[in-house]
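For ligands, and for the atoms within them, numbers begin at 1 and follow the listed sequence. Count residues from 1 along the sequence.
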Amino acid sequence: MGREREGDLREDALRDLIARAGGCAVVDGGFATQLEKHGASINDPLWSALCLIKSPDLIKKVHLEYLEAGADVIVTSSYQATLPGFQSRGLSMEEAESLLTTSVRNAVEARDKFWSSAKRRIGNNYNRALVAASIGSYGAYLADGSEYSGNYGPEVNLEKLKDFHRRRLQVLVEAGPDLLAFETIPNKLEAQACVELLDEEGVLIPSWICFSSVDGENAPSGESFEECLDVINKSSRVGAVGINCAPPHFVLSLIQRFKLRTDKAIVVYPNSGEIWDGIAKKWLPSKCFDDDKFEVFATRWRDAGASLIGGCCRTSPCTVRAISKVLKKERS
Ligand SMILES: C[S+](C)CC[C@H](N)C(=O)O
Ligand SMILES: N[C@@H](CCS)C(=O)O
Ligand SMILES: [Zn+2]
């Protein structure tokens, strides 16, 4: 993958989608959550990536459900799919890379299948969706909940994070997604690693970088979002920045703060408000927001300046349907 001229960046893909969606595009919802609803057992260090090995057909089914619900962007099943993770289960490097490729192909095939029939439906309100290849944080790979602490320890430096992300990023880009979605980034160092890697690898498809948050104020590491945004603002390869898998009631004030610090598009797809216990590997009941609430919030988030809105863990196609209904109402 050689270095390319800035002018070749395909940043229009994201801008065009947002414009086609009337100023605010709909991102899908909790992918792993929906796999579980269909009976997948993902209590495993590979989490949802286990389905890439065990039930790839289910992955396609879930993508189709989110498309039918109105998602303008579907995020691939690769959140916790990593080369060392797969290799630790006895897969060869070649097999592991092939699973990453499959995660993108599954989503592209679902998108193409859905669009070929949806575009013919009279009066349909659908856009041709984009496929965003999910790149979960290093903390996601650790499978100990550290995507919500950002505490990677002193031995994890910038180079180590870039090395961790490099080959997966190359394979995913090679598989031909429309976008890259860096998800639940918990600290500034990993944001820096992602930004530098995009440059070093000359990645031409636009990325978004999303942070998690556990206090509604800062990144999980305690670093301010302003510091994190300053890192991201330096990169023309990052088209959007925002928050995912944090509780919905944090989102409005974070959008307002992000708007003061960046000109990039803002992307938000919070979870239901429940809290992940990374050790027990289960969701703890907490202030939980239902789909009606998402419908109300989505308008406020859009009015505050978000241009990509969806749901994350513990949200469902019903959540996305509610978001899509309210955001697309005014243009139908
Ligand atoms: C977004 S969290 C619920 C994903 C799962 C986590 N990385 C774990 O393996 O425990
Ligand atoms: N795209 C991932 C994010 C987990 S935080 C999923 O929905 O499963
Ligand atoms: Zn999530």
Can a donor-acceptor pair be found, under 3.5 Å and without considering hydrogens, that links the side chain of [X] to the backbone of [Y]?
| X | Y | result |
| --- | --- | --- |
| E201 | Q170 | no |
| N124 | R121 | yes |
| Y269 | C245 | no |
| D28 | Y66 | no |
| T101 | A175 | no |
| E11 | G239 | no |
| S207 | A181 | no |

Check whether any N or O atom of [X], backbone or side chain, sits under 3.5 Å from an N or O atom of ligand 2, and answer yes or no.
| X | result |
| --- | --- |
| E183 | yes |
| A32 | yes |
| F31 | yes |

With a heavy-atom distance limit of 4.0 Å, tell me whether [X] approaches ligand 2 through its side chain, its backbone, both, or neither.
| X | result |
| --- | --- |
| W47 | side chain |
| C312 | side chain |
| C245 | side chain |
| Y79 | side chain |
| C313 | side chain |

Would you mind checking which non-hydrogen protein atom is closest to atom 1 (C) of ligand 1, with the distance to 0.1 Å?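 Going atom by atom, the protein heavy atom closest to atom 1 (C) of ligand 1 ends up being Y148 OH, 3.0 Å.
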So which protein heavy atom does atom 8 (C) of ligand 1 come closest to, and at what separation?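 So the nearest neighbour among protein heavy atoms is K281 NZ, 3.1 Å.
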For ligand 1, which is the ligand I care about here, please tell me if E147 has any N or O atom under 3.5 Å from one of the ligand's N or O atoms.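 Between E147 and ligand 1 (N or O atoms, distance only) the closest approach is under 3.5 Å.
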Ligand 1 N/O within reach of W276 N/O, cut-off under 3.5 Å: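 N/O-N/O distance below 3.5 Å exists for this pair.
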Counting only heavy atoms, which portion of Y141 has something under 4.0 Å from ligand 1: side chain, backbone, both, or neither?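 It is neither; nothing of Y141 touches ligand 1.
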Check whether the ring centres of F114 and H63 lie less than 6.0 Å apart, and answer yes or no.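 No - the distance between ring centres of F114 and H63 does not fall below the 6.0 Å cut-off.
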Testing the basics here: between N127 and R20, what is the closest heavy-atom pair and its distance to 0.1 Å?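 Between these two residues, the closest heavy atoms are OD1-O, 3.4 Å.
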Could you list the atoms of ligand 1 found under 4.0 angstrom from a heavy atom of A140?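 Close to A140: 7 (N).
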